[in-house]
Amino acid sequence: MGVIESYLDRLPVGAATPRLSLGEGSTPLVPARRLLSNLDLDLHLKCEGANPTGSFKDRGMVVAVAKASEAGARAVVCASTGNTAASASAYAARAGLGAIVLTPSGAIATAKASQARVAGARVLEVRGTFDAALECCCALAAEDGFVLVNSINPDRIEGQKTVVFELLEQLGRVPDVIALPFGGGGNLVALAKGLDEAGVEARLVAGQAKERATTYASAIRISKPAHAGEVAALVAAGRVEVFSLSDEEIGEAWLALATLEGVFCEPASAAGVAALQHVPLEPASLTVCILTGHGLKDPAAVEQAPGAPTSVEASLDAILEAIG
Ligand SMILES: *Cc1c(COP(=O)(O)O)cnc(C)c1O
């Protein structure tokens, strides 16, 4: 049904808002019995990589693009190193709008750039940093007919908060802990808003890269989080705990998700799982890890994983020898 139709009464949409959808939301919630078994949690994985363009960004983007269309925009614009661009491009195509994507040169993962390109977005590689690209976007969005769809667009946060409503429906109770990655912080702010609106409380545990500017988890390679102020306020209020993780810790959690649970996500998505290792938790705590993006988004990361294929002769003997 999609996020807009499913949550009409909890989103800033009216009769004039297009019922845009690519079938986002309703993503699997998978119990995890082998992962983090040392912590003895009641652990579940929210597989947001199952969204139409492969990341949680679709929940917020569908609302932002629908509102841009309602406002009579000609095109949406975003600065992105990947998933925002892929999502904006797909929803703009669906809505019949243009999409302009500014990426810092060399910083976009190939698979995500392909998604934007194939959807007909105008992709411009800006010679500069992400922050420079975002500044250009803001300047462009001040011109007539262009709407910025980075997460500083409040409609993005509105759409993203729906993951909380969906989780409560799927679990049938309120989780004790929700763990997730912290890149720009839009998702953390959206989850806090969703919990508030649902009238429930849960601990939010966030994992960020220790080396923000250079981490291999490209989706959270963000030096200046756009929502830093709001996240700091949530931390001060005791609602969010942030943990800084090495690339090694993130990589281990990422591989454990795939090898122990069969869930292949982006490295960035594993930061919430890795953060849980740092939190004192009651045994049996009902815990949900939001896995933000699909593993196929970042095939380059796999090159660091063990298990490269071995070439063998086409004979049973050779195969038996190879598998030991
Ligand atoms: C955007 C993104 C993040 C970071 O989310 P924020 O809202 O910027 O904190 C994490 N993982 C993936 C896969 C993403 O696409």
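Every number for a ligand or one of its atoms is a count from 1 in the order of the listing. In this chain, numbering begins with 1 at the start of the sequence shown.
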Under-4.0 Å heavy-atom contact with ligand 1, by part of K297 that carries it:
neither
If you have a sec, work out which protein heavy atom is nearest atom 7 (O) of ligand 1 and how many Å separate them, to one decimal?
N187 N, 2.8 Å
Under 4.0 Å to a heavy atom of G293 - the qualifying atoms of ligand 1, by number:
13 (C)
Cation-pi check, R212 onto F182 ring (under 6.0 Å, within 45° of axis)
yes
W254 (side chain) donor-acceptor with C265 (main chain) under 3.5 angstrom:
yes
Can a donor-acceptor pair be found, under 3.5 Å and without considering hydrogens, that links the side chain of N153 to the backbone of N150?
no
Return the residue, atom name and 0.1 Å-rounded distance of the protein heavy atom closest to atom 12 (C) of ligand 1.
T292 OG1, 3.2 Å
Value rounded to 0.5 Å, distance of CG in L195 from NZ in K193
12.0 Å
Quick one: does ligand 1 sit under 4.0 Å from the side chain of N83, the backbone, both or neither, non-hydrogen atoms only?
side chain
Under 4.0 Å from a heavy atom of P181: which atoms of ligand 1 are those, numbered in the order shown and with their elements?
10 (C)
Here the atoms of ligand 1 under 4.0 Å from any heavy atom belonging to I220 are 4 (C), 10 (C)
Tell me if the CG atom of D144 is crowded by more than 12 foreign heavy atoms within 6.0 Å.
no
With heavy-atom distances below 4.0 Å as the criterion, list the atoms of ligand 1 near K57.
1 (C), 2 (C), 3 (C), 14 (C), 15 (O)
May I ask you to list the atoms of ligand 1 that are less than 4.0 angstrom from any heavy atom of E266?
13 (C)
Output yes when R239 and E201 qualify as a salt bridge under the 4.0 Å nitrogen-oxygen rule, no when they do not.
no
Charged N to carboxylate O below 4.0 Å: is that the case for R10 and E197?
no
Just let me know how L188 lines up against ligand 1, side chain, backbone, both or neither, with a heavy-atom cut-off below 4.0 Å.
neither
Counting neighbours of CD on E321 that are heavy atoms of other residues, nucleotides or ligands and sit closer than 6.0 Å, is the number greater than 12?
no
Just to confirm my output: which protein heavy-atom neighbour is closest to atom 8 (O) of ligand 1, and how far is it?
G184 N, 2.7 Å
With respect to G186, determine whether any N or O atom, backbone or side chain, lies less than 3.5 Å from an N or O atom of ligand 1.
yes
I'd like to know whether CZ of R117 has more than 12 heavy-atom contacts from other residues, nucleotides or ligands below 6.0 angstrom.
no
For atom 5 (O) of ligand 1, closest protein heavy-atom neighbour:
F56 CZ, 3.6 Å
